[in-house]
Asker: 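I am attaching a structure below and will ask some questions about it afterwards.
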Amino acid sequence: MPQSKTLPSDRAIQPLDRSFFARNPRRVARELLGKVLVRNPADSKGTRLIARIVEVEAYLGEKDPAAHAFAGRTLRNAVLFGPPGHAYVYFIYGNHYCLNVSCEIEGKAGSVLFRALEPMAGIEQMALARGVELHGPKDLPKLTSGPGRMAQAFGITRGRDNEGDLTSQANGLWIGQDSYRTRGIAVTRRIGITHAAEMPLRYILLGNAFVSGGAKYNRSGTATS
DNA sequence: ATATCGATTATCT
DNA sequence: GATAATCGATATG
């Protein structure tokens, strides 16, 4: 029960309210930048994983040709039509899990895809989960830079996390905020999609080393301060 | 730095 | 049977 001497960031993290997610995906995506994703330890010996959200993409629901909700509600994408703030986890290319959070009010689809994180705590465990050997700071992006990578680092799977409530600290996987203030962001086209690829719906923390995609996707777009 | 390709499975046509 | 919101390895400039 007592958290002993927690990391400074530990004590300060508060879960986001469900109303945060009950809005259109563009606003949720933009405001998720700088928030943190937390995985509670599986047992008393486990480590809490904490990482800052540095890259996300908005998917606009049934009207967005790139969204899983485009063809309407199915068994697979049902979470997208459910209440906001829940995890939608899918398996892609036979290899990778990807994490989304549902947005909009219940009955209306919409989501934000998590694409990259900056590790803050539990780095050793992330490296273990990824099968990566750390030799220096240059190896850190291999842990959480990319949607499949960050999911693997956090042990996210469909069976374990799909439908989970990301506003609940009791859920094990949740989203919170600390005292961090976002300095600058950019908006670019989305990565790795074949439909509606030109729409500016990818949000990144400007200059952050953990953003995925390479230089090609990190220019063009709207910079703000 | 950019391009190509194989891995491997849930889902839909 | 085709496709996909990816990654890592490999090849080449």
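In what follows, every chain begins at residue 1, and chains take the letters A, B, ... in the order their sequences are listed. What you see below is based on every heavy atom in this structure, not just the backbone, and it leaves out hydrogens, waters and symmetry mates.
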Asker: Is there a side-chain polar atom (N or O) of A:R76 under 4.0 Å from OP1 or OP2 of C:dA4?
Answerer: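 Checking A:R76 against C:dA4: no side-chain N or O falls below 4.0 Å of OP1 or OP2.
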Asker: Between C1' on C:dA5 and CZ on A:R189, what's the gap in Å once rounded to a whole number?
Answerer: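 It works out to 14 Å between those atoms.
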Asker: Could you pick out which residue, A:S145 or A:T194, lies toward the 5' side of DNA chain C when each is mapped onto its nearest nucleotide?
Answerer: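 Between the two, 5'-proximity favours A:T194.
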Asker: Please report, rounded to the nearest Å, how far the C1' atom of B:dA7 is from the CD1 atom of A:I92.
Answerer: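 Whole-Å distance recorded here is 13 Å.
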Asker: Starting at the 5' end of DNA chain C and moving along, which residue's nearest nucleotide shows up first, A:N100 or A:R149?
Answerer: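 Its nucleotide being nearer the 5' end, the pick is A:N100.
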Asker: Taking atom C1' of C:dG8 as reference, at what distance in whole Å does atom NZ of A:K142 sit?
Answerer: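 Roughly 11 Å, once rounded to whole Å.
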Asker: Is there a side-chain contact between A:F70 and A:D64 (heavy atoms, below 4.5 Å)?
Answerer: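 No, every pair of side-chain atoms sits at 4.5 Å or beyond.
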Asker: Would one find a side-chain N or O of A:T74 under 4.0 angstrom from OP1 or OP2 of B:dT11?
Answerer: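 So the side chain of A:T74 is outside the cut-off, no N or O lying under 4.0 Å from OP1 or OP2 of B:dT11.
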Asker: Quick check: do A:H68 and A:Y59 have side-chain heavy atoms less than 4.5 Å from each other?
Answerer: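 They are not in side-chain contact.
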Asker: Is the shortest heavy-atom distance from the side chain of A:H86 to the side chain of A:D165 under 4.5 Å?
Answerer: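 Heavy-atom side-chain distance check passes, below 4.5 Å.
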Asker: Please give, in whole Å, the distance from C:dC7 P to A:E55 CD?
Answerer: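 Going from CD in A:E55 over to P in C:dC7 covers 9 Å.
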Asker: Nearest of B:dT11, C:dA4, C:dT6 to any side-chain atom of A:R158?
Answerer: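 Among B:dT11, C:dA4, C:dT6, the one nearest the side chain of A:R158 is B:dT11.
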Asker: Out of curiosity, does A:V54 fall in the hydrophobic cluster containing A:Y180 (side-chain heavy atoms, cut-off under 4.5 Å, transitive links)?
Answerer: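 Both belong to a single hydrophobic cluster.
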Asker: So, OP1 or OP2 of C:dC7: does either fall under 4.0 Å of a side-chain N or O from A:R130?
Answerer: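 No, because none of the side-chain N or O atoms of A:R130 sits under 4.0 Å from OP1 or OP2 of C:dC7.
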Asker: Starting from P on B:dT11, measure out to NE2 on A:H68 and report it in whole angstrom.
Answerer: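 Taking NE2 of A:H68 and P of B:dT11, I get 10 Å after rounding.
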Asker: Let's test your reading of the model: under 3.5 Å, does the base of B:dA10 pair with the side chain of A:Y90 as donor and acceptor?
Answerer: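 There is none.
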Asker: Output the rounded distance in Å from CG (A:L80) to P (B:dT11).
Answerer: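 So the CG-P distance, A:L80 to B:dT11, works out to 13 Å.
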Asker: Planes under 30° and centres closer than 5.5 Å, is that true for A:Y59 with the base of C:dA5?
Answerer: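 Yes, A:Y59 stacks on the base of C:dA5.
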Asker: Do A:R52 and A:F210 form a cation-pi contact, if we require the NZ or CZ to be under 6.0 Å from the six-membered ring centre and within 45 degrees of the ring's axis?
Answerer: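 No, cation not above the ring by the 6.0 Å, 45° rule.
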Asker: Base, sugar-phosphate, or nothing: which does A:G148 touch, judged by heavy atoms less than 4.0 Å apart?
Answerer: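 It contacts sugar-phosphate atoms only.
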Asker: Given a 3.5 Å cut-off on both pairing distances, which stems involving DNA chain C, each at least three consecutive Watson-Crick or G-U pairs, are present, if any?
Answerer: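 When the pairs of DNA chain C are grouped into runs of at least three, the stems are B:1-7 with C:6-12, B:9-12 with C:1-4.
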Asker: Measure from CZ on A:F70 to C1' on B:dT13 and round the result to the nearest Å.
Answerer: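 Checked: the CZ to C1' distance equals 15 Å.
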Asker: Shared ILVMFWY cluster between A:V79 and A:V112, side chains joined below 4.5 angstrom?
Answerer: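 No; tracing contacts between hydrophobic side chains, which count when under 4.5 Å, never links both residues.
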Asker: From NE2 of A:H96 over to C1' of B:dA7, roughly how many Å is that when rounded to an integer?
Answerer: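 Taking atom C1' of B:dA7 as the reference, NE2 of A:H96 is at 8 Å.
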Asker: Base, sugar-phosphate, or nothing for A:R190, non-hydrogen atoms under 4.0 angstrom?
Answerer: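 Nothing, no nucleic acid heavy atom in range.
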Asker: Base, sugar-phosphate, or nothing: which does A:F91 touch, judged by heavy atoms less than 4.0 Å apart?
Answerer: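 Counting heavy atoms under 4.0 Å across all strands, the contact made by A:F91 is with sugar-phosphate only.
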Asker: Do A:R130 and A:D139 meet the salt-bridge criterion of a basic N to acidic O distance under 4.0 Å?
Answerer: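 The answer is no: the pair does not qualify as a salt bridge.
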Asker: When you measure from the centre of the six-membered ring of A:F21, is the NZ or CZ of A:R18 under 6.0 Å away and within 45° of the axis?
Answerer: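 Checked: cation-pi criterion not met.
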